[in-house]
Amino acid sequence: MSQSKRLRIAIQKSGRLSKESQQLLKSCGVKFNVNEQRLIAHADNMPIDLLRVRDDDIPGLVMDGVVDLGIIGENVLEEEQIERQLAGKPAECTKLRELDFGSCRLSLAVPNEFEYKDANSLEGLRIATSYPNLLRRFMQEKGINYSDCMLKGSVEVAPRAGLSDGICDLVSTGATLEANGLYETEVIYRSMACIIQSNKTQSTEKQALINKILSRINGVIRARE
Ligand code: PRT
Ligand code: ZN
C-alpha cells in the first residue's frame, strides 16, 4: 500500500466537505463510485485512489506523505500545522489553491448578557474551543491571558452548561450562536476548503497527474464563478 503508484487523494468521509469534494473531482473527470462501507474508492479511468477519512486526519496524512493530495478546511490545516510544529513532527505541505466551498470563520462569541468592549474583556476568562492552537495564537498576539476548555463538539453549549465564559468556534450563518444565546465578538480566522499536496510526492508521473487535475480544478472553479 505505501508503495502505491496510484495517486492518493484524501477527502472527508462524511461531513460538510465530503459531497463538494467528491463533486469537484467528478467535475474534473475522475470517475469513481463510493461505497459507504469502504475507506478507499478506486477511480476507473485514472490511476487515482480516494481515501475517505475524518477531516482531522487529512493534514497529517498529507504531511507524512501517506497520501499525495488532500481536500481540507484551512482551519483544520492551520490548527494541525501549529500542533505538529509544537510536537516536532513534520508540518510542511503545499497549498495548491483555495477552493470555492467550505467558507466559514473561526470566531469568539460570548453570552448575550456579557458586556464586551474589545478582546481585553476576555482577560482571565475561560474559553471553550476545538481550536486551541488558533485561539492561543490570537490571544498571544493580543497579550490576553485566558484558560481554555477543550471540547471536540457541543462547544456552543459550554457557557450555558457553566463550562466556560465564552467560546471560540466555527460560524457560517450565525444561527447556531443565536440559538444558544451567544453573539460573535471577534473573527480570529477566515477559512475556505483548500487542496494541499504532500512535499514527499516524488514520481514524475504522479506530478504530471497532479498538474492535470489542478489545471482542471482551475477550469471548473472559473466556470462556476
Ligand atoms: O467527522 P469529521 O471529523 O470528518 O467532521 P467534523 O464534524 O469535524 O467537521 P464538519 O463536517 O462539521 O466540518 C468540516 C469543515 O467544514 C470544517 O472544518 C470547516 O472547514 C467547514 N465548515 C464550514 C464548517 C462550517 N462551515 C460550520 N458552520 N464546519 C462546521 N460548522 C459548524 C460549527 O462548528 C457550528 O456548530 O456549524 C455550526 C455553525 O453554523 P451556523 O451556520 O449556525 O453559523
Ligand atoms: Zn473533524
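Every number for a ligand or one of its atoms is a count from 1 in the order of the listing.
Of all atoms in ligand 1, listed by their number and element, those nearer than 4.0 Å to a heavy atom of S103 are 23 (C), 26 (N). Of all the atoms in ligand 1, the ones that sit under 4.0 Å from a non-hydrogen atom of A175 are 43 (O), 44 (O). The G73 neighbourhood of ligand 1 comprises atoms 20 (O), with distances under 4.0 Å to a heavy atom of that residue. Taking every heavy atom of V76 and a limit of under 4.0 angstrom, the matching atoms of ligand 1 come to 18 (O). For ligand 1, the atoms closer than 4.0 angstrom to any heavy atom of V171 are 44 (O).
Of all protein heavy atoms, the one lying nearest to atom 41 (P) of ligand 1 is T173 OG1, 3.3 Å. Nearest non-hydrogen protein atom to atom 28 (N) of ligand 1 is S172 OG, 3.0 Å. Nearest to atom 39 (C) of ligand 1 among the protein's heavy atoms is T176 OG1, 3.4 Å. Protein heavy atom nearest atom 2 (P) of ligand 1, with residue, atom name and distance: R54 NE, 3.1 Å. Remark: minimum distance from atom 37 (O) of ligand 1 to any protein heavy atom is reached at R16 NH2, 2.8 Å. Scanning all protein heavy atoms for the shortest distance to atom 10 (P) of ligand 1 gives Q12 NE2, 3.8 Å. The protein heavy-atom contact nearest to atom 34 (O) of ligand 1 is D169 OD1, 3.6 Å. Of all protein heavy atoms, the one lying nearest to atom 18 (O) of ligand 1 is N75 ND2, 3.0 Å.
Of all N/O/S atoms in D55, OD1 sits nearest the Zn ion (ligand 2).
The stretch residues 141-151 participates, sequence neighbours left out, in these side chain to side chain donor-acceptor pair (under 3.5 Å) pairs: E123-N145.
Electrostatic pairing of D68 and K206 counts as a salt bridge here, judged by a charged N lying under 4.0 Å from a carboxylate O.
Of the N and O atoms on the side chains of S107 and E184, at least one donor lies less than 3.5 Å from an acceptor on the other residue.
Counting protein heavy atoms under 4.0 angstrom from atom 7 (O) of ligand 1 gives zero.
Contact between E36 and K13 at its shortest, heavy atoms only, is O-NZ, 3.5 Å.
E78 meets the side-chain hydrogen bond (donor to acceptor under 3.5 Å, both in side chains) test with R137, Y189; sequence neighbours excluded.
Heavy atoms of L17 found under 4.0 angstrom from ligand 1 belong exclusively to the side chain.
Compare S14, G15, A109, C104 by their heavy atoms: the one nearest to atom 26 (N) of ligand 1 is in C104.
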